[in-house]
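Accompanying notes for the structure given below.
Side chains included, hydrogens not; waters and symmetry mates left out as well; all remaining heavy atoms used.
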Amino acid sequence: MARIYIEDLQHHVGEEVKISGWIYNKRSSGKVRFIVVRDGTGILQCVMVKGMISEEAFNSFDTLTQESSLAVTGKIKKDDRAPGGYEMELSKIEIIQIAKDYPITPKEHGVDFLMDIRHLWLRSSRQHAILRVRHQIIKAIREFFDNRGFVLMDAPIFTPAACEGTSTLFETDYFDLGKAFLTQSGQLYGEAGAMAHGKVYVFGPTFRAEKSKTRRHLTEFWMVEPEVAFNDLNDNMELAEEFLEHIVASVLKNRSAELKTLERNISFLEKVKKPLPKISYTEAVEILHKKGINFEWGNDFGGTDETVISEGFDRPVIVHRYPAKVKAFYMKRDPKNADLALAMDVLAPEGYGEIIGGSQREDDYDAIVQRIKEHNLPQSAFEWYLDLRRYGSVPHAGFGLGVERTVGWICGLDHVRETIPFPRMIYRLTP
RNA sequence: UCCGCAGUAGCUCAAUGGUGGAGCAUCCGGCUGUUAACCGGAGGGUUACAAGUUCGAGUCUUGUCUGCGGAGCCA
(Lines give C-alpha, C1' and ligand atoms only; values in the text may rest on other atoms or scores of the structure.)
Protein backbone atom coordinates (compact mmCIF):
# COMPACT_ATOMS: atom_id res chain seq x y z
CA MET A 1 0.00 0.00 0.00
CA ALA A 2 1.50 3.29 -1.10
CA ARG A 3 1.77 5.94 1.59
CA ILE A 4 0.43 9.30 0.53
CA TYR A 5 0.14 12.74 2.12
CA ILE A 6 -3.12 14.35 3.17
CA GLU A 7 -2.44 17.38 0.98
CA ASP A 8 -2.61 15.05 -2.06
CA LEU A 9 -5.91 13.40 -1.12
CA GLN A 10 -7.91 14.96 -3.95
CA HIS A 11 -6.02 12.75 -6.42
CA HIS A 12 -6.97 9.56 -4.56
CA VAL A 13 -10.75 9.74 -4.13
CA GLY A 14 -12.17 6.22 -4.32
CA GLU A 15 -8.79 4.60 -3.74
CA GLU A 16 -7.58 2.66 -0.74
CA VAL A 17 -4.55 4.52 0.66
CA LYS A 18 -2.34 4.63 3.71
CA ILE A 19 -1.64 7.76 5.76
CA SER A 20 1.01 7.91 8.46
CA GLY A 21 0.68 10.53 11.15
CA TRP A 22 -0.49 11.45 14.60
CA ILE A 23 -3.84 11.56 16.39
CA TYR A 24 -5.11 15.13 16.34
CA ASN A 25 -8.44 14.39 18.01
CA LYS A 26 -10.97 11.63 18.32
CA ARG A 27 -14.71 11.48 18.83
CA SER A 28 -17.21 8.71 19.30
CA SER A 29 -20.91 8.25 19.39
CA GLY A 30 -20.72 4.63 20.38
CA LYS A 31 -20.91 2.43 17.32
CA VAL A 32 -19.57 5.17 15.02
CA ARG A 33 -16.09 6.41 15.84
CA PHE A 34 -14.01 9.20 14.36
CA ILE A 35 -10.24 9.59 14.45
CA VAL A 36 -8.79 12.87 13.22
CA VAL A 37 -5.26 12.28 11.95
CA ARG A 38 -2.67 14.91 11.03
CA ASP A 39 0.37 14.06 8.95
CA GLY A 40 2.10 17.46 8.78
CA THR A 41 0.46 18.38 5.48
CA GLY A 42 -3.12 18.49 6.66
CA ILE A 43 -5.75 16.81 8.78
CA LEU A 44 -8.01 13.92 7.83
CA GLN A 45 -11.10 12.57 9.55
CA CYS A 46 -11.21 8.78 9.58
CA VAL A 47 -14.43 6.98 10.38
CA MET A 48 -15.21 3.43 11.45
CA VAL A 49 -18.52 1.71 12.16
CA LYS A 50 -18.88 -1.30 14.43
CA GLY A 51 -19.21 -4.43 12.35
CA MET A 52 -17.66 -2.86 9.26
CA ILE A 53 -14.11 -3.30 10.57
CA SER A 54 -12.38 -5.97 12.65
CA GLU A 55 -13.38 -6.08 16.30
CA GLU A 56 -9.72 -5.63 17.23
CA ALA A 57 -9.32 -2.47 15.16
CA PHE A 58 -12.64 -1.09 16.41
CA ASN A 59 -11.63 -1.61 20.04
CA SER A 60 -8.15 -0.15 19.52
CA PHE A 61 -9.93 3.22 19.39
CA ASP A 62 -10.10 3.13 23.19
CA THR A 63 -6.31 2.98 23.52
CA LEU A 64 -5.62 5.90 21.18
CA THR A 65 -4.63 9.17 22.79
CA GLN A 66 -3.94 12.63 21.42
CA GLU A 67 -0.62 12.71 19.47
CA SER A 68 -0.21 8.93 19.42
CA SER A 69 1.56 7.97 16.19
CA LEU A 70 -0.02 5.53 13.78
CA ALA A 71 -0.74 4.57 10.20
CA VAL A 72 -4.31 4.39 8.95
CA THR A 73 -5.46 2.60 5.82
CA GLY A 74 -8.79 2.96 4.11
CA LYS A 75 -10.83 4.20 1.20
CA ILE A 76 -10.99 7.94 0.52
CA LYS A 77 -14.34 9.55 -0.23
CA LYS A 78 -15.61 13.08 -0.51
CA ASP A 79 -17.73 14.10 2.46
CA ASP A 80 -18.69 17.65 3.30
CA ARG A 81 -19.21 16.70 6.94
CA ALA A 82 -15.47 16.07 7.30
CA PRO A 83 -13.02 18.89 7.92
CA GLY A 84 -11.12 19.39 4.68
CA GLY A 85 -13.89 17.78 2.63
CA TYR A 86 -12.41 14.28 2.43
CA GLU A 87 -12.85 11.33 4.74
CA MET A 88 -11.29 7.91 5.14
CA GLU A 89 -13.36 4.76 5.71
CA LEU A 90 -10.97 2.91 7.99
CA SER A 91 -10.00 -0.63 7.17
CA LYS A 92 -6.78 -0.92 9.15
CA ILE A 93 -5.07 0.86 12.06
CA GLU A 94 -1.37 0.30 12.82
CA ILE A 95 -0.35 1.87 16.10
CA ILE A 96 3.28 3.01 16.24
CA GLN A 97 3.42 4.58 19.69
CA ILE A 98 0.81 5.51 22.29
CA ALA A 99 1.40 9.01 23.67
CA LYS A 100 0.67 9.47 27.34
CA ASP A 101 -0.82 12.70 28.70
CA TYR A 102 0.02 15.06 25.83
CA PRO A 103 0.16 18.44 27.57
CA ILE A 104 -1.55 20.58 24.93
CA THR A 105 -5.26 19.90 25.13
CA PRO A 106 -7.98 21.15 22.77
CA LYS A 107 -8.67 24.10 25.06
CA GLU A 108 -7.00 27.36 25.95
CA HIS A 109 -3.46 27.64 27.28
CA GLY A 110 -1.25 30.45 28.49
CA VAL A 111 1.78 31.75 26.61
CA ASP A 112 4.33 30.79 29.26
CA PHE A 113 3.09 27.21 29.35
CA LEU A 114 3.11 26.98 25.56
CA MET A 115 6.55 28.57 25.22
CA ASP A 116 7.97 26.01 27.65
CA ILE A 117 6.72 23.26 25.34
CA ARG A 118 7.41 25.12 22.13
CA HIS A 119 8.77 21.89 20.61
CA LEU A 120 5.25 20.42 20.91
CA TRP A 121 3.36 23.67 20.30
CA LEU A 122 4.79 23.63 16.75
CA ARG A 123 2.27 20.85 16.00
CA SER A 124 -0.74 23.04 16.73
CA SER A 125 -2.68 24.34 13.77
CA ARG A 126 -1.95 28.05 14.22
CA GLN A 127 1.77 27.50 14.73
CA HIS A 128 1.80 25.10 11.81
CA ALA A 129 0.22 27.76 9.60
CA ILE A 130 2.59 30.51 10.79
CA LEU A 131 5.72 28.51 10.01
CA ARG A 132 4.40 27.66 6.56
CA VAL A 133 3.83 31.35 5.88
CA ARG A 134 7.34 32.05 7.19
CA HIS A 135 8.73 29.49 4.77
CA GLN A 136 6.80 31.09 1.92
CA ILE A 137 8.12 34.54 2.83
CA ILE A 138 11.71 33.28 2.89
CA LYS A 139 11.15 31.51 -0.41
CA ALA A 140 9.72 34.71 -1.91
CA ILE A 141 12.69 36.72 -0.61
CA ARG A 142 15.15 34.40 -2.33
CA GLU A 143 13.06 34.24 -5.50
CA PHE A 144 12.89 38.02 -5.73
CA PHE A 145 16.62 38.57 -5.54
CA ASP A 146 17.64 35.46 -7.45
CA ASN A 147 15.33 36.40 -10.34
CA ARG A 148 16.94 39.84 -10.50
CA GLY A 149 20.49 38.57 -10.73
CA PHE A 150 21.48 39.30 -7.14
CA VAL A 151 24.23 37.10 -5.73
CA LEU A 152 23.67 35.58 -2.29
CA MET A 153 26.58 36.59 -0.12
CA ASP A 154 26.79 35.11 3.35
CA ALA A 155 28.28 37.40 5.97
CA PRO A 156 30.15 36.10 9.02
CA ILE A 157 28.37 35.54 12.32
CA PHE A 158 31.51 36.20 14.40
CA THR A 159 32.64 39.75 13.93
CA PRO A 160 35.51 41.74 15.40
CA ALA A 161 33.51 44.87 16.19
CA ALA A 162 30.16 46.57 16.07
CA CYS A 163 28.68 47.38 12.69
CA GLU A 164 26.74 50.33 13.99
CA GLY A 165 28.26 50.86 17.39
CA THR A 166 24.95 51.68 18.99
CA SER A 167 23.45 48.40 20.06
CA THR A 168 24.76 46.08 22.68
CA LEU A 169 26.49 43.03 21.26
CA PHE A 170 26.77 39.47 22.43
CA GLU A 171 30.37 38.80 23.28
CA THR A 172 32.40 35.61 23.31
CA ASP A 173 36.03 34.61 23.77
CA TYR A 174 37.86 33.95 20.54
CA PHE A 175 41.06 31.96 21.19
CA ASP A 176 44.15 34.19 21.33
CA LEU A 177 42.49 37.01 19.38
CA GLY A 178 40.53 38.39 22.28
CA LYS A 179 36.81 39.03 22.00
CA ALA A 180 34.50 38.23 19.14
CA PHE A 181 30.96 39.53 18.80
CA LEU A 182 27.86 37.98 17.27
CA THR A 183 26.89 40.00 14.24
CA GLN A 184 24.14 42.58 14.48
CA SER A 185 24.07 43.16 10.72
CA GLY A 186 25.78 41.78 7.64
CA GLN A 187 25.57 45.10 5.89
CA LEU A 188 29.20 46.20 5.91
CA TYR A 189 30.16 42.85 4.39
CA GLY A 190 27.30 43.23 1.93
CA GLU A 191 28.84 46.49 0.78
CA ALA A 192 32.09 44.67 0.05
CA GLY A 193 30.06 42.11 -1.89
CA ALA A 194 28.27 44.80 -3.90
CA MET A 195 31.62 46.20 -5.02
CA ALA A 196 32.56 42.71 -6.21
CA HIS A 197 29.27 41.55 -7.75
CA GLY A 198 27.26 44.72 -8.37
CA LYS A 199 24.18 43.52 -6.50
CA VAL A 200 24.12 41.09 -3.60
CA TYR A 201 21.95 40.07 -0.71
CA VAL A 202 23.03 38.90 2.71
CA PHE A 203 20.59 36.61 4.47
CA GLY A 204 21.16 35.20 7.90
CA PRO A 205 20.63 35.41 11.62
CA THR A 206 21.59 38.53 13.53
CA PHE A 207 21.91 39.14 17.25
CA ARG A 208 21.15 42.06 19.51
CA ALA A 209 21.93 41.98 23.22
CA GLU A 210 19.59 44.86 23.94
CA LYS A 211 17.43 44.24 26.96
CA SER A 212 14.34 44.93 24.93
CA LYS A 213 11.20 43.43 26.29
CA THR A 214 8.44 44.12 23.82
CA ARG A 215 6.28 42.29 21.31
CA ARG A 216 8.58 43.37 18.48
CA HIS A 217 11.95 42.19 19.78
CA LEU A 218 13.98 38.99 19.79
CA THR A 219 17.67 38.67 20.68
CA GLU A 220 18.19 36.43 17.66
CA PHE A 221 16.37 37.24 14.44
CA TRP A 222 16.74 36.82 10.71
CA MET A 223 17.45 39.65 8.37
CA VAL A 224 17.82 39.94 4.62
CA GLU A 225 19.99 42.80 3.42
CA PRO A 226 20.30 43.67 -0.27
CA GLU A 227 23.09 46.02 -1.31
CA VAL A 228 23.39 47.50 -4.80
CA ALA A 229 26.29 49.43 -6.29
CA PHE A 230 25.32 52.63 -8.14
CA ASN A 231 21.85 52.74 -6.52
CA ASP A 232 20.79 55.98 -4.87
CA LEU A 233 18.09 56.54 -2.24
CA ASN A 234 15.29 56.62 -4.83
CA ASP A 235 16.47 53.37 -6.40
CA ASN A 236 16.60 51.90 -2.92
CA MET A 237 13.01 52.88 -2.12
CA GLU A 238 11.83 51.50 -5.43
CA LEU A 239 13.60 48.21 -4.77
CA ALA A 240 11.99 48.00 -1.33
CA GLU A 241 8.46 48.55 -2.60
CA GLU A 242 8.81 46.02 -5.39
CA PHE A 243 10.30 43.61 -2.87
CA LEU A 244 7.39 43.95 -0.44
CA GLU A 245 4.87 43.66 -3.27
CA HIS A 246 6.47 40.40 -4.36
CA ILE A 247 6.58 38.89 -0.87
CA VAL A 248 2.96 39.70 -0.05
CA ALA A 249 1.71 38.53 -3.46
CA SER A 250 3.56 35.26 -3.06
CA VAL A 251 1.98 34.58 0.34
CA LEU A 252 -1.50 35.54 -0.87
CA LYS A 253 -1.13 33.24 -3.86
CA ASN A 254 0.42 30.21 -2.16
CA ARG A 255 -0.64 30.34 1.49
CA SER A 256 -4.25 31.50 1.46
CA ALA A 257 -5.33 28.42 3.44
CA GLU A 258 -2.84 29.24 6.18
CA LEU A 259 -3.94 32.89 6.29
CA LYS A 260 -7.50 31.62 6.68
CA THR A 261 -6.45 29.37 9.57
CA LEU A 262 -4.88 32.44 11.16
CA GLU A 263 -8.11 34.38 10.53
CA ARG A 264 -6.06 37.09 8.85
CA ASN A 265 -8.02 39.91 7.29
CA ILE A 266 -6.25 40.03 3.93
CA SER A 267 -7.76 43.29 2.68
CA PHE A 268 -4.73 45.24 3.91
CA LEU A 269 -2.37 42.76 2.29
CA GLU A 270 -4.11 42.98 -1.07
CA LYS A 271 -3.30 46.69 -1.16
CA VAL A 272 0.45 46.16 -0.98
CA LYS A 273 1.27 47.27 -4.52
CA LYS A 274 3.79 49.65 -5.97
CA PRO A 275 3.94 52.60 -5.55
CA LEU A 276 3.87 52.83 -1.78
CA PRO A 277 3.31 56.23 -0.19
CA LYS A 278 6.57 58.06 0.51
CA ILE A 279 6.88 60.86 3.02
CA SER A 280 9.87 62.65 4.46
CA TYR A 281 10.75 62.50 8.13
CA THR A 282 9.74 66.16 8.39
CA GLU A 283 6.31 65.38 6.91
CA ALA A 284 5.97 62.48 9.34
CA VAL A 285 6.68 64.85 12.23
CA GLU A 286 3.96 67.15 10.90
CA ILE A 287 1.53 64.22 10.93
CA LEU A 288 2.36 63.64 14.61
CA HIS A 289 1.87 67.33 15.39
CA LYS A 290 -1.48 67.40 13.58
CA LYS A 291 -2.62 64.49 15.75
CA GLY A 292 -1.64 66.44 18.83
CA ILE A 293 1.47 64.48 19.73
CA ASN A 294 4.26 66.38 21.39
CA PHE A 295 7.27 65.40 19.30
CA GLU A 296 10.46 67.33 18.79
CA TRP A 297 12.03 67.43 15.32
CA GLY A 298 15.35 65.65 15.52
CA ASN A 299 14.34 62.74 17.70
CA ASP A 300 13.82 59.22 16.47
CA PHE A 301 10.31 57.78 16.36
CA GLY A 302 9.16 55.45 19.12
CA GLY A 303 6.88 52.49 18.63
CA THR A 304 3.71 54.47 19.27
CA ASP A 305 4.89 57.30 16.98
CA GLU A 306 5.33 54.79 14.16
CA THR A 307 1.85 53.44 14.79
CA VAL A 308 0.32 56.91 14.64
CA ILE A 309 2.16 57.76 11.42
CA SER A 310 1.18 54.52 9.71
CA GLU A 311 -2.45 54.82 10.79
CA GLY A 312 -3.00 57.40 8.06
CA PHE A 313 -2.13 54.91 5.33
CA ASP A 314 -3.78 51.69 4.17
CA ARG A 315 -0.48 50.12 3.08
CA PRO A 316 3.16 50.23 4.13
CA VAL A 317 4.57 53.77 4.14
CA ILE A 318 8.15 54.76 3.38
CA VAL A 319 9.64 57.49 5.55
CA HIS A 320 12.85 59.02 4.19
CA ARG A 321 15.51 61.60 5.06
CA TYR A 322 15.86 61.27 8.82
CA PRO A 323 17.95 63.59 10.98
CA ALA A 324 21.52 62.39 10.53
CA LYS A 325 22.26 62.43 14.22
CA VAL A 326 19.81 59.63 15.02
CA LYS A 327 21.11 57.39 12.24
CA ALA A 328 24.18 55.22 11.74
CA PHE A 329 27.60 56.54 10.74
CA TYR A 330 27.63 54.95 7.29
CA MET A 331 24.59 56.79 5.93
CA LYS A 332 25.19 59.48 3.34
CA ARG A 333 24.13 63.04 4.12
CA ASP A 334 21.54 64.73 1.93
CA PRO A 335 23.50 67.07 -0.38
CA LYS A 336 20.59 69.55 -0.09
CA ASN A 337 20.61 69.54 3.72
CA ALA A 338 23.57 68.28 5.70
CA ASP A 339 21.41 67.72 8.80
CA LEU A 340 19.56 64.93 7.00
CA ALA A 341 20.69 61.41 6.21
CA LEU A 342 19.61 59.68 3.02
CA ALA A 343 17.88 57.07 5.15
CA MET A 344 14.60 55.27 4.65
CA ASP A 345 12.40 53.15 6.89
CA VAL A 346 9.32 51.22 5.83
CA LEU A 347 6.55 51.19 8.41
CA ALA A 348 4.04 48.37 8.11
CA PRO A 349 0.36 49.26 8.52
CA GLU A 350 -1.92 48.22 11.39
CA GLY A 351 0.64 49.25 14.00
CA TYR A 352 3.28 46.67 13.06
CA GLY A 353 5.97 49.33 12.84
CA GLU A 354 9.34 49.31 11.16
CA ILE A 355 10.00 46.28 8.98
CA ILE A 356 12.69 47.78 6.75
CA GLY A 357 15.51 50.17 7.52
CA GLY A 358 17.99 51.29 4.90
CA SER A 359 19.93 54.09 3.31
CA GLN A 360 22.19 55.34 0.60
CA ARG A 361 25.70 54.80 1.99
CA GLU A 362 28.38 57.40 2.47
CA ASP A 363 30.82 56.84 -0.39
CA ASP A 364 33.29 59.65 0.36
CA TYR A 365 36.40 58.58 2.26
CA ASP A 366 36.96 61.79 4.21
CA ALA A 367 33.31 62.12 5.16
CA ILE A 368 33.04 58.58 6.51
CA VAL A 369 36.28 58.86 8.50
CA GLN A 370 34.80 61.98 10.06
CA ARG A 371 31.57 60.09 10.94
CA ILE A 372 33.51 57.26 12.55
CA LYS A 373 35.22 59.84 14.77
CA GLU A 374 31.95 61.56 15.59
CA HIS A 375 30.41 58.25 16.65
CA ASN A 376 33.46 57.43 18.81
CA LEU A 377 34.10 54.22 16.89
CA PRO A 378 37.58 52.70 16.67
CA GLN A 379 38.80 53.48 13.17
CA SER A 380 41.23 50.55 13.22
CA ALA A 381 38.31 48.12 13.20
CA PHE A 382 36.98 49.73 10.03
CA GLU A 383 40.16 49.93 7.96
CA TRP A 384 38.99 47.12 5.69
CA TYR A 385 35.66 48.90 5.26
CA LEU A 386 37.43 52.16 4.43
CA ASP A 387 39.25 50.31 1.63
CA LEU A 388 35.87 50.18 -0.14
CA ARG A 389 36.08 54.01 -0.28
CA ARG A 390 39.77 54.02 -1.22
CA TYR A 391 39.53 51.72 -4.21
CA GLY A 392 36.81 52.56 -6.69
CA SER A 393 34.20 54.04 -4.37
CA VAL A 394 30.76 54.46 -5.95
CA PRO A 395 27.33 55.54 -4.78
CA HIS A 396 25.49 52.55 -3.37
CA ALA A 397 22.48 51.76 -1.26
CA GLY A 398 20.77 48.94 0.54
CA PHE A 399 18.36 48.02 3.28
CA GLY A 400 17.57 45.34 5.81
CA LEU A 401 14.24 43.60 6.23
CA GLY A 402 13.43 41.88 9.50
CA VAL A 403 11.95 38.50 8.69
CA GLU A 404 10.12 38.00 12.00
CA ARG A 405 8.42 41.38 11.96
CA THR A 406 7.39 40.77 8.38
CA VAL A 407 5.96 37.36 9.26
CA GLY A 408 4.17 38.90 12.24
CA TRP A 409 2.63 41.59 10.08
CA ILE A 410 1.56 39.29 7.23
CA CYS A 411 0.12 36.72 9.66
CA GLY A 412 -1.51 39.39 11.82
CA LEU A 413 0.17 38.22 15.04
CA ASP A 414 0.48 40.32 18.16
CA HIS A 415 3.99 39.12 19.09
CA VAL A 416 7.08 38.14 17.07
CA ARG A 417 7.79 35.22 19.39
CA GLU A 418 5.43 33.03 17.34
CA THR A 419 7.06 33.86 14.01
CA ILE A 420 10.21 31.78 14.53
CA PRO A 421 10.34 28.10 15.55
CA PHE A 422 12.42 28.61 18.69
CA PRO A 423 12.46 32.28 19.73
CA ARG A 424 15.33 33.69 21.73
CA MET A 425 14.30 36.48 24.05
CA ILE A 426 15.84 38.26 26.98
CA TYR A 427 14.29 35.87 29.49
CA ARG A 428 14.02 32.76 27.35
CA LEU A 429 16.75 30.48 26.05
CA THR A 430 14.87 27.16 26.09
CA PRO A 431 13.74 24.92 24.55
C1' U B 1 17.42 49.02 33.43
C1' C B 2 12.68 51.49 34.73
C1' C B 3 7.07 51.46 35.29
C1' G B 4 2.54 48.50 35.69
C1' C B 5 -0.07 43.65 36.19
C1' A B 6 -0.15 38.59 37.56
C1' G B 7 1.21 33.63 40.03
C1' U B 8 -4.73 28.67 43.10
C1' A B 9 -5.52 20.90 40.39
C1' G B 10 -1.53 18.67 34.43
C1' C B 11 -4.04 23.19 31.63
C1' U B 12 -7.57 27.69 31.63
C1' C B 13 -9.84 30.13 35.48
C1' A B 14 -13.52 31.03 40.12
C1' A B 15 -13.55 31.59 45.54
C1' U B 16 -16.83 39.07 50.55
C1' G B 17 -10.41 37.93 55.91
C1' G B 18 -14.33 32.46 57.95
C1' U B 19 -15.09 24.28 55.36
C1' G B 20 -10.50 25.96 48.22
C1' G B 21 -14.62 25.01 43.29
C1' A B 22 -15.76 24.55 37.76
C1' G B 23 -14.50 23.37 32.61
C1' C B 24 -10.81 20.74 29.83
C1' A B 25 -7.17 16.71 30.33
C1' U B 26 -6.73 11.58 32.88
C1' C B 27 -9.48 6.93 34.50
C1' C B 28 -14.50 4.16 34.44
C1' G B 29 -19.40 3.81 32.04
C1' G B 30 -23.17 5.31 27.99
C1' C B 31 -24.40 6.90 22.96
C1' U B 32 -24.88 4.32 14.89
C1' G B 33 -22.42 10.89 11.86
C1' U B 34 -19.32 13.29 15.51
C1' U B 35 -17.25 18.65 14.33
C1' A B 36 -12.76 22.01 20.58
C1' A B 37 -19.05 16.27 20.14
C1' C B 38 -22.26 15.15 24.12
C1' C B 39 -24.24 12.63 28.91
C1' G B 40 -23.14 10.16 33.91
C1' G B 41 -19.31 8.94 37.61
C1' A B 42 -14.20 8.91 39.94
C1' G B 43 -9.30 10.43 41.24
C1' G B 44 -6.43 14.88 41.40
C1' G B 45 -4.20 20.89 46.01
C1' U B 46 2.60 22.67 50.52
C1' U B 47 -2.99 28.45 46.85
C1' A B 48 5.12 30.37 43.52
C1' C B 49 8.67 30.85 47.94
C1' A B 50 9.89 33.21 52.83
C1' A B 51 8.45 36.14 56.80
C1' G B 52 4.71 39.26 59.15
C1' U B 53 -0.46 41.22 60.77
C1' U B 54 -4.88 38.48 62.67
C1' C B 55 -8.77 34.27 66.87
C1' G B 56 -8.45 32.91 61.63
C1' A B 57 -4.76 34.50 55.31
C1' G B 58 -5.60 31.95 48.54
C1' U B 59 -7.40 36.94 50.06
C1' C B 60 -3.96 42.11 53.89
C1' U B 61 1.68 43.84 54.49
C1' U B 62 7.05 43.25 53.25
C1' G B 63 10.84 40.70 50.62
C1' U B 64 12.44 37.04 46.91
C1' C B 65 11.60 34.31 42.41
C1' U B 66 9.02 33.58 37.80
C1' G B 67 5.98 35.27 33.88
C1' C B 68 3.10 38.98 31.06
C1' G B 69 2.40 44.07 29.17
C1' G B 70 4.75 48.75 28.29
C1' A B 71 9.07 52.42 28.00
C1' G B 72 13.99 53.18 26.17
C1' C B 73 16.75 50.85 21.93
C1' C B 74 15.93 48.72 17.41
C1' A B 75 14.59 44.96 12.42
Between Phe221(A) and A75(B), do the rings stack, that is, sit under 5.5 Å apart with planes less than 30° off each other?
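Per 5.5 Å and 30° rule: yes, stacked.
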With sugar-phosphate meaning primed atoms plus P, OP1 and OP2, does [X] contact a base, only sugar-phosphate, or nothing at under 4.0 Å between heavy atoms?
X         : value
Glu220(A) : nothing
Leu218(A) : base
Pro103(A) : nothing
Ser28(A)  : base
Gln66(A)  : nothing

Between the side-chain atoms of [X] and the base atoms of [N], is any donor-acceptor pair under 3.5 Å?
X         : N      : result
His109(A) : C11(B) : no
Ser212(A) : C73(B) : yes
Arg33(A)  : C31(B) : no

For [X] and [N], is the shortest distance between a side-chain N/O and OP1 or OP2 below 4.0 Å?
X         : N      : value
His415(A) : G69(B) : yes
Lys211(A) : U1(B)  : yes
Arg417(A) : G69(B) : yes

What about [X] and [Y], are their ring centers closer than 6.0 Å?
X         : Y         : result
Tyr189(A) : Trp384(A) : yes
Phe145(A) : Phe243(A) : yes
Phe329(A) : Phe382(A) : yes

Aromatic [Y] / basic [X] pairing, under 6.0 angstrom, 45° off normal:
X         : Y         : answer
Lys271(A) : Phe268(A) : yes
Lys26(A)  : Phe61(A)  : yes
Arg405(A) : Tyr352(A) : no

[X] has an atom [atom1]; how far is it from atom [atom2] of [N], in whole Å?
X         : N      : atom1 : atom2 : answer
Gln187(A) : A75(B) : CD    : P     : 10 Å
Tyr427(A) : C65(B) : OH    : P     : 10 Å
Phe61(A)  : G29(B) : CZ    : P     : 14 Å
Lys213(A) : C5(B)  : NZ    : C1'   : 11 Å

Under-4.0 Å salt bridge between Glu227(A) and Arg361(A)
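Looking at Glu227(A) and Arg361(A), the cut-off is met.
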Among G33(B), A71(B), A75(B), the one nearest Arg216(A) by side-chain distance:
A71(B)
Between U26(B) and G10(B) - C1' atom distance, rounded Å:
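It comes out at 9 Å once rounded to the nearest Å.
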Taking the C1' atom of each, how far is G18(B) from C24(B), in whole Å?
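Roughly 31 Å separates the two C1' atoms.
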Any side-chain donor paired with an acceptor under 3.5 Å for Ser250(A) and Gln136(A)?
yes
For RNA chain B, the dot-bracket pattern of Watson-Crick and G-U pairs whose distances stay under 3.5 Å, | for other-strand partners:
(((((((..((((....[..)))).(((((.......))))).....(((((..]....))))))))))))....
